[in-house]
Amino acid sequence: MTENVVSLHKNPEPTADPAPVTTLTVVPDLVPAKPVPLWLRSGRAIRTAVTHDATRTTARTAARHGLYVAGGARIVAKRAWDGRTAARYERYMRTAEAAGNFEAAAEWEERGQRFRDARHRRRMDLLHSPLDAAKGAAVTTGMGIGGLVLIGVAMAIATKDPTEVVTPLMAVIKFINLMVTIVQVVWGPAVSLAPFLALLALWAVGSRQQAAPAWALPDRVRNGEGEPITPSIVVKALRDLGVPALRNAIKEMGDAGASMLSPIVIAGCGVEVDVTLPSGVSTAEVQKRRRKLAENLSRHEHEVFITLPPAARTVRLWVADSGALDEPIGPSPLVTDETLTADYAKGRAPWGQDLRGDAAALSLYQRHLLITGLSNQGKTVALRSLALWLSLDKSVQFLMGDLKGVGDWAMFEGLAQVLIQGPTDEHVIQVTEMVEGAVEEMNRRIQAPPGTTFPALIVLVDEAQVAFMCPVKDEDGRYYGGAKATSRYFMAVRKIHNQGRAVNVLMWQGTQDPTNENLPKLVREGAHTRASLALGTESQARMALGDKAVDGGAAPNLLRPGLDQGTLVVASSGIDIPKGQSSITVRTHYVDDDAAEAITDRAKALRDGVTTLTVIERGEERDSLADIAAVIGDAPRLRTQDVIKRLSALDGDAYGDWSPGDLTRVLEGTGAEPYKSDGRMVVGRDQITRALARCDEMDSASGA
């Protein structure tokens with residue numbers, strides 16, 4: 001036993017009481033603890049055992065399998081009741097009425113009445129069946145015995161033994177006796193095992209249908225991990241979507257909403273089902289609740305896609321298997337098949353796979369192209385994959401401008417006629433002049449004799465937003481960037497969009513983060529094929545794909561930046577889109593730089609050799625004011641139309657496409673602007689001479 005420690009402390013100051021004051025201090029840590037009662041220890045042990053995870057799991061397992069039997073019995077009883085009564089027809093009729101489909105309701109009512117009539121006839125037949133059965137049995141027995149006797153007579157004649165007459169009959173009697181003996185032996189165990197077999201059958205039905213409360217189900221099922229999509233799960237997800245009209249309609253339906261669903265079919269790495277919404281519920285109400293619907297289906301938002309099929313008041317749900325969209329797709333056929341070739345007019349570029357796992361191939365024939373998305377989402381790789389495939393058609397020509405300039409398109413050197421790489425204003429000027437050169441080629445082709453065919457000329461500009469945002473002006477005061485009629489890059493692209501398709505001059509552009517400033521509306525809408533990677537907002541999605549595609553379910557703004565790299569939402573007539581939909585989601589193949597080098601090497605081997613220009617060669621810059629003075633000569637004045645004609649004759653490349661507006665713009669601010677004389681616009685010789693003199697004086701002053 002532990003001793004108590006006692007310390008004695010005397011009061012140091014004397015008091016009136018002569019007796020010393022002694023304080024006893026007991027150290028509590030050394031006081032022996034009282035023993036815990038046995039009943040309390042037992043209670044704690046019992047509570048620990050009851051609340052232990054193993055105990056709870058065991059209890060839940062036992063309850064689950066017991067409830068499977070009860071649930072299976074309920075399901076079997078319901079099926080039996082439906083089979084014996086017209087209950088199912090009543091449910092379907094009420095469902096059709098709730099959905100506002102009164103024609104279908106009348107049809108189900110008619111079917112139910114036919115079922116009742118047939119059931120009544122069967123019951124009436126049962127009244128006569130015992131007598132008919134007895135007559136039939138007597139006739140059958142008599143014929144059977146007679147037949148056996150005839151067989152016995154034939155055997156007796158053949159063997160000359162009269163006893164053979166009864167041999168067939170005795171054989172049948174012995175067989176019947178054997179059957180009775182077998183039944184007597186088996187009957188007892190069968191009767192004993194029948195209840196257990198029945199319980200096993202009910203358990204199997206309940207287990208297959210998960211007919212137990214949620215708290216009794218396994219953790220995997222309760223948490224929804226990998227939970228298969230069943231009609232009941234879809235209906236429950238729709239019921240809990242937060243649309244009162246939909247919830248009430250499902251409650252009123254006799255089949256709890258199952259008739260709204262088409263058969264659930266496997267579609268690639270997921271399943272697909274059409275949902276016919278009841279009257280009073282619009283498809284937009286379901287579309288805007290995509291996240292909630294996905295969570296109700298135990299999926300992430302990016303794993304559920306909602307589109308609109310041709311049928312009215314119907315939404316099509318595609319639900320991915322859990323985690324399936326995070327798995328990469330296979331390599332591109334461009335990489336795996338070294339014998340693959342391209343055909344611009346009739347072929348399709350192997351771009352990737354759709355969500356169903358089918359190959360997604362894109363026709364590029366006479367289609368302008370626009371690919372947009374946030375930075376670092378795979379835009380350049382997706383655009384480059386199409387150019388790599390088309391490079392395997394040796395008739396196709398390329399003019400390329402890469403306004404990022406980090407070497408993503410370097411492998412096209414020796415393949416493209418022009419390849420400009422760099423992000424500076426000077427590179428924008430070069431790219432603009434490249435596109436304007438394509439416009440001149442387009443005009444030349446348009447003026448060719450009818451029936452002339454031309455090879456495809458692909459004018460490709462990656463990071464085109466750099467060109468649209470360029471603030472630099474040319475010597476005539478025109479901006480290279482911008483979205484006005486005086487913006488050189490914008491106007492060159494618009495001209496190709498307007499007329500280039502007819503003569504196989506096509507504009508391909510890749511751009512980031514679309515806005516009205518860096519991707520003007522007229523340029524967006526001029527592309528026949530529009531594709532978008534992940535974007536930030538719905539308004540950007542509308543800029544990238546158009547209102548029709550977004551209203552039809554396209555949602556690149558719901559793709560996950562950084563996780564859904566290379567996943568595109570495509571709106572184009574050049575790709576197979578399910579009927580009734582306005583867009584399709586494509587997971588593109590990834591072709592790295594080394595593989596791209598190998599593909600372009602194969603493409604170069606198909607050609608005789610291409611000299612790639614990396615700088616646009618400009619013509620000799622002319623002094624417009626001096627040229628105007630030269631063409632006027634000694635005349636005191638000259639009509640503006642005549643001035644333009646003479647300038648064009650002087651240098652067709654520099655002045656061939658001049659208009660009166662160009663002449664006015666050059667002379668503006670010089671003091672030699674065109675003026676009216678006798679009702680016609682003219683340019684005066686003296687004014688031009690004075691303007692040239694002032695320019696010379698300014699040049700001399702600046703030189704000094």
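Judged purely by atom type and a 3.5 angstrom limit, Q465 uses its side chain to pair as donor or acceptor with the backbone of Q512. Within the 3.5 Å criterion, the main-chain N or O of F490 finds no donor-acceptor partner in the side chain of K484. Of the possible donor and acceptor atoms, none in the side chain of R637 sits under 3.5 Å from a partner among the backbone N and O of V682. Using a distance-only test at 3.5 Å, with no hydrogens or angles considered, no donor-acceptor pair links the side chain of S648 to the main chain of K645. Although no hydrogens or angles enter the test, the distance criterion places no donor-acceptor pair under 3.5 Å between the side chain of R646 and the main chain of D627. Of the possible donor and acceptor atoms, one in the side chain of D474 sits under 3.5 Å from a partner among the backbone N and O of D476. No donor-acceptor distance shorter than 3.5 angstrom exists from the side chain of D564 to the backbone of A534, with no hydrogens or angles considered. Looking only at distances, a side-chain donor or acceptor of R290 sits under 3.5 Å from a matching main-chain atom of E301. Remark: side-chain polar atoms of S532 are not paired, donor with acceptor, to backbone N or O of V569 under 3.5 angstrom. Side-chain N or O atoms of S385 include none that pairs as donor or acceptor with a backbone N or O of W351 at under 3.5 Å.
With a 4.5 Å cut-off on side-chain heavy atoms, I329 and Y590 do not count as touching. Using a 4.5 Å heavy-atom cutoff, the side chains of M507 and V461 are in contact. Side-chain atoms of H589 and P331, non-hydrogen and from C-beta on, never get closer than 4.5 Å to each other. Side-chain contact between L663 and V683 is present, with heavy atoms from C-beta onward closer than 4.5 Å. Contact of the L370 side chain with the L519 side chain is registered, since non-hydrogen atoms from C-beta on lie closer than 4.5 Å. Here the side chains of E525 and R530 are in contact, with some heavy-atom distance below 4.5 Å. Residues D393 and P455 have side chains not in contact (no heavy-atom distance under 4.5 Å, counting atoms from C-beta outward). Looking at L667 and L625, their side chains come closer than 4.5 Å, going by heavy atoms from C-beta outward.
Environment of CG in D678: sparse, with no more than 12 heavy atoms of neighbouring residues, nucleotides or ligands closer than 6.0 Å. The environment of CZ in R607 is crowded: more than 12 heavy-atom neighbours from other residues, nucleotides or ligands sit within 6.0 Å. Within a 6.0 Å radius of NZ in K394, no more than 12 heavy atoms belonging to other residues, nucleotides or ligands are found. The number of heavy-atom neighbours closer than 6.0 Å to CZ of F454, taken from other residues, nucleotides and ligands shown, is above 12.
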Exercise for review: Could you give me the CA-CA distance, side-chain angles and deciding distance for R367 and S573, then say whether side-chain contact (heavy atoms from CB on, under 4.5 Å) is met?
Suggested key: CA-CA 9 Å; R367 289 179 175 88; S573 61; 3.3 Å; yes

Take V435 and Y489 through the test side-chain contact (heavy atoms from CB on, under 4.5 Å) and record every step on the way to the result.
-> CA-CA 7 Å; V435 178; Y489 180 80; 3.9 Å; yes

(request) Let me see the working for I584 and L568 under side-chain contact (heavy atoms from CB on, under 4.5 Å), right down to the final yes or no. (result) CA-CA 8 Å; I584 186 172; L568 287 161; over 6 Å; no

Let's go through T372 and R524 carefully: what are the C-alpha distance in whole Å and the side-chain angles of both, what is the deciding distance for side-chain contact (heavy atoms from CB on, under 4.5 Å) to 0.1 Å, and is it a yes or a no?
CA-CA 10 Å; T372 186; R524 300 194 305 258; over 6 Å; no

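Ion pairing between a basic and an acidic side chain is recognised when a charged N comes within 4.0 Å of a carboxylate O; D593 and R384 show such pairing. For the pair E440 and R444, the salt-bridge criterion is not met [side-chain N within less than 4.0 Å of a carboxylate O]. Using a 4.0 Å cut-off between charged nitrogen and carboxylate oxygen, E463 and K379 count as a salt-bridge pair. At a threshold of 4.0 Å, the pair D551-R542 counts as salt-bridged, since one of the basic side-chain nitrogens sits closer than that to a carboxylate oxygen. Between R665 and D662 there is a salt bridge, with a side-chain nitrogen of the basic residue lying less than 4.0 Å from a carboxylate oxygen of the acidic one. One finds no salt bridge joining E338 and R602 here, because no Lys/Arg side-chain nitrogen approaches an Asp/Glu carboxylate oxygen to under 4.0 Å.
Relative ring orientation between Y655 and W658 is described as perpendicular, the plane-to-plane angle rising above 60° on a 0-90° scale split at 30° and 60°. Note on ring orientation: taking the six-membered ring where Trp is involved, the planes of H368 and H497 are tilted (angle from 30° to 60°).
At a cut-off of 3.5 Å, with distance as the only test, no side-chain donor of D358 or Q353 sits close to an acceptor on the other residue.
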